[in-house]
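Worth saying up front: this structure is predicted, and the values here are computed from it rather than measured. Chain letters run A, B, ... following the sequence lines, proteins first and then strands; every chain starts at 1.
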Protein chains: 2
Amino acid sequence: MDIRQANQVIKVNLENLQTPCLVLDKGILERNLKRMSDTVHKNGVALRPHLKTAKSAKVARMATAGEAGGITVSTLAEAEYFAGHGFRDILVAAAQPPLKLDRAAKLVDRGVSITLVTDDPGLARAIAAHPGAFRVLIELDSGDGRAGIKPEDPSLIEIGHALDDKLAGVMTHAGHSYECRDPECIAIVAETERSTVLTAASRLRDAGMHCDIVSVGSTPTMTYAENLEGVTEARPGVYMFQDLMQVEIGVCRKEDIALTVLASVIGSNKSENRVLIDAGALALSKDRSTQSTPHDAGFGEVWDISAKSSYGPCIVMRVYQEHGVVTSSEQLPFDELALGTKVRIGPNHACITAAAHERYYVVDGGKEVIAEWDRINGW
Amino acid sequence: MDIRQANQVIKVNLENLQTPCLVLDKGILERNLKRMSDTVHKNGVALRPHLKTAKSAKVARMATAGEAGGITVSTLAEAEYFAGHGFRDILVAAAQPPLKLDRAAKLVDRGVSITLVTDDPGLARAIAAHPGAFRVLIELDSGDGRAGIKPEDPSLIEIGHALDDKLAGVMTHAGHSYECRDPECIAIVAETERSTVLTAASRLRDAGMHCDIVSVGSTPTMTYAENLEGVTEARPGVYMFQDLMQVEIGVCRKEDIALTVLASVIGSNKSENRVLIDAGALALSKDRSTQSTPHDAGFGEVWDISAKSSYGPCIVMRVYQEHGVVTSSEQLPFDELALGTKVRIGPNHACITAAAHERYYVVDGGKEVIAEWDRINGW
């Protein structure tokens, strides 16, 4: 990628980028995509990648290459954006209030298959009564305690009947896999996730209803599930970028993290052993996922411009709106962290960190920026 | 404000808005602006409002009406946006890396007075050597431990000399006023803030340098400072909107909070005494400022659509990317929180919550949306 500066055309690279900004490593991304695709296919399941992390059409095209083509999103803004980029099979995996059904129906009118989710008989009736030709999955709680009904809940049958011919299947998200710290634990959660949807699917079928789609997914469970028999599709998302929390869970290694925040040193305080960078609460987010793990990374780990951990145990200890305070349990190498030095911050939680940014600067191992990819934020 | 829907022109009000979104109450905003303006003027100081919270030209015009006209910002993106809206005296109150000086200088070339800050001799030399006609304030640490040198630091004189005729004065931000919980404590911090800049200003003047601008500011200290003699300007920001943290500090009452997030109920779980809303980590932020106070509000307090606390001690206990889990220490009034019900969330920290949103829906006490104001996010 080139930019024109002072009448010269120069190559954009990480050294001449304005900070803070998002850097996405394409090679790592491709490796992560292939690993998940292989794993899910090995289990005989279709991959319906969740784009809530990437929110990018370029990434979505890479993530769906060789797959069935369907995607998962978390907002109608994402659904509209991806529909505008040609995606025709979209699962909106968070319940939408009745007021938004008209908006979702406009996508159906444009020829997009829109699948909604609900765990509420009232919402099921509202969707059923709406003229929009939606498909609907009943949302189940496999132990996360966020949304969804238990598979044995009597309202399952009520919701199924209310949806009538819009009922397409069942889904769950085992978010509590994030409490695991090893593959054995995750495999157990994955089996609970599977048994939850299978139980519900059986009940619906026993009651004479169709249940074609049996959908599960979280990056940890889809990485380590040992058996997905009866499941039809998997919806992991953060596997594309990975992050420090996934490292702590045991899902990936630090070198699998494709997303970092590029920041610049704007000051230092040697007597306090700290360096100030221009990425704070807005550029990194206030996500503290790793706080509860053995490797609390503060608001992110500080790596050099090549995304190598060359500064020792260096983290963003505190954030203010636009300032990050970097420190270390060892003496900071102040000579290497001089004013203006570019660093890359490995994020606690890629989904939340990425959401403050409008675009990715794409590299492929080196410092050269080979592309700029947009993102769709907001609602 | 009107919208066209199904061939009818209808009034936009909070009931027919898509959620989640930001709601700004103009009447409360005006009251907050007047209160701070009166307080600062009583102390004989110019008000240079910090726009890092509002990031809105409409709000900036209201906040500078009757003032000297200068504003404070936290990013160059804000500086460019406000310059584009006619503001001509802008203090960028966070140190910028050398690479960004060219960009800042373009604003100077357009006739905008740009004041930068630094606490680093190297950055001071870089700014001094740059062709851009910047003004520069030396940043001091009055106890916050974020950026700035101590007023007695020997490098103060070195930085002053390095800046040469670009030296315009000194500044500090007493962010540690957020650790106070009553006006007496805040008044003490305000006096430390004042004495910090006065000490540095005296040292510079004694060394034969000019120090015209003596700049301080945080919403708590500017609300309760008893004496600002020697200070020339005040830079509070969050006072415009206020938030739950400012209530805890003792700076305002809950009814002074002008900014809320409008959300919709998308599910409920009566046996677990919780309601699910469509505002989660992205719409509310993961800021947990009130966690360390006697009134931990989780990720925000849940009020009814009129922003009245009619649900009892109701908070957003947990957030996921797009889901908020609402609960209460009392039985939730499920009849009043039925599917689709609109609620308003009072934010822990207005600056961080607002940053996920691109616009404000403006009301004036009631539910009618009287305007839509844009915001400038990013860098």
Side-chain angles (χ1 to χ4, degrees), chain A residues 5-6 16-21 52 74-76 94-100 102-103 118-120 122-123 126 139 141 145-149 175 264-269 272 276 278 281-283 285-288 318 320-323 325 338-340 349 351-352 355-358 377-379, chain B residues 5 15-21 52 74-76 94-100 102-103 118-120 122-123 126 139 141 145-149 175 264-269 272 276 278 281-283 285-288 318 320-323 325 338-340 349 351-352 355-358 377-379:
Chain A
Q5 198 169 78
N16 56 29
L17 275 185
Q18 301 267 316
T19 51
C21 64
K52 80 186 183 82
S74 63
T75 66
L76 288 188
Q96 302 296 313
L99 188 70
K100 285 190 172 172
D102 284 353
R103 186 172 156 200
T118 182
D119 63 359
D120 184 279
L123 182 55
E139 186 166 13
D141 179 10
R146 177 173 83 184
I149 54 173
S264 300
V265 173
I266 55 169
S268 62
N269 186 322
E272 303 266 350
L276 204 61
D278 63 354
L282 295 192
S285 91
K286 295 195 86 164
D287 191 284
R288 292 282 287 107
R318 291 201 311 271
Y320 302 82
Q321 185 163 340
E322 298 295 348
H323 297 83
V325 177
L339 179 77
H349 188 167
C351 317
I352 310 296
H357 300 262
E358 290 187 342
N377 290 318
W379 300 271
Chain B
Q5 196 168 78
E15 296 287 5
N16 56 30
L17 274 185
Q18 299 268 316
T19 51
C21 64
K52 79 187 182 82
S74 62
T75 66
L76 288 188
Q96 301 298 313
L99 188 70
K100 285 189 171 174
D102 284 354
R103 186 172 155 200
T118 182
D119 63 359
D120 183 280
L123 182 54
E139 186 166 12
D141 178 9
R146 177 173 81 185
I149 54 173
S264 300
V265 173
I266 55 170
S268 61
N269 186 322
E272 303 265 351
L276 204 61
D278 63 355
L282 296 191
S285 92
K286 294 195 86 164
D287 191 285
R288 291 283 287 108
R318 292 201 309 271
Y320 302 82
Q321 184 163 341
E322 298 294 349
H323 297 83
V325 177
L339 180 76
H349 188 167
C351 316
I352 309 297
H357 300 262
E358 290 187 341
N377 289 320
W379 300 270

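Between the side chain of A:Arg103 and the backbone N or O of B:Gln18 there is no donor-acceptor pair closer than 3.5 Å. A distance-only check finds a donor-acceptor pair linking the side chain of A:Gln321 to the backbone of B:Lys52 [under 3.5 Å].
Interface summary for chain A: among B:Leu76, B:Leu123, B:Leu282, B:Asp120, the most heavy-atom pairs under 4.5 angstrom belong to B:Leu282. Counting heavy-atom pairs closer than 4.5 Å to chain A, the top-ranked of the candidates B:Gly148, B:Gly145, B:Ala338 is B:Gly145.
There is no contact between A:Ile149 and chain B, counting heavy-atom distances below 4.5 Å. Heavy atoms of A:Ser74 lying under 4.5 Å from chain B belong to its backbone as well as its side chain. No part of A:Arg288 comes within reach of chain B, as not one of its non-hydrogen atoms sits under 4.5 angstrom from that chain. Only the side chain of A:Pro98 comes within less than 4.5 Å of a heavy atom of chain B; its backbone N, CA, C and O stay farther away. Only the side chain of A:Thr75 has a heavy atom closer than 4.5 Å to any heavy atom of chain B. In this structure, chain B has heavy atoms under 4.5 Å from both the backbone and the side chain of A:Ala283.
For A:Lys286, the salt bridge (charged side-chain N to carboxylate O under 4.0 Å, His left out) criterion is met by B:Asp287, not counting sequence neighbours. Taking A:Glu272 as the reference, A:Arg274 meet the salt bridge (charged side-chain N to carboxylate O under 4.0 Å, His left out) condition, with sequence neighbours excluded.
Residues B:Ile352 and A:Ala281 come closest through the heavy atom pair CD1-CB, 3.8 Å. Here the closest non-hydrogen pair linking A:Trp379 and B:Ala356 is CZ3-O, 3.7 Å. Listed here is the closest heavy atom pair of B:Gln96 and A:Ile266: C-CG2, 4.1 Å. Considering all non-hydrogen atoms of both residues, A:Leu99 and B:Glu15 come closest at CD2-O, 3.8 Å. In plain terms, the two heavy atoms of A:Pro97 and B:Thr19 that are nearest each other are CG-OG1, 4.2 Å. Across all non-hydrogen atoms, the minimal contact from B:Gly122 to A:Leu339 is C-CD2, 3.8 Å.
A distance of 8.5 Å separates CG in A:Asn269 from CG in B:Asp119, rounded to the nearest 0.5 Å.
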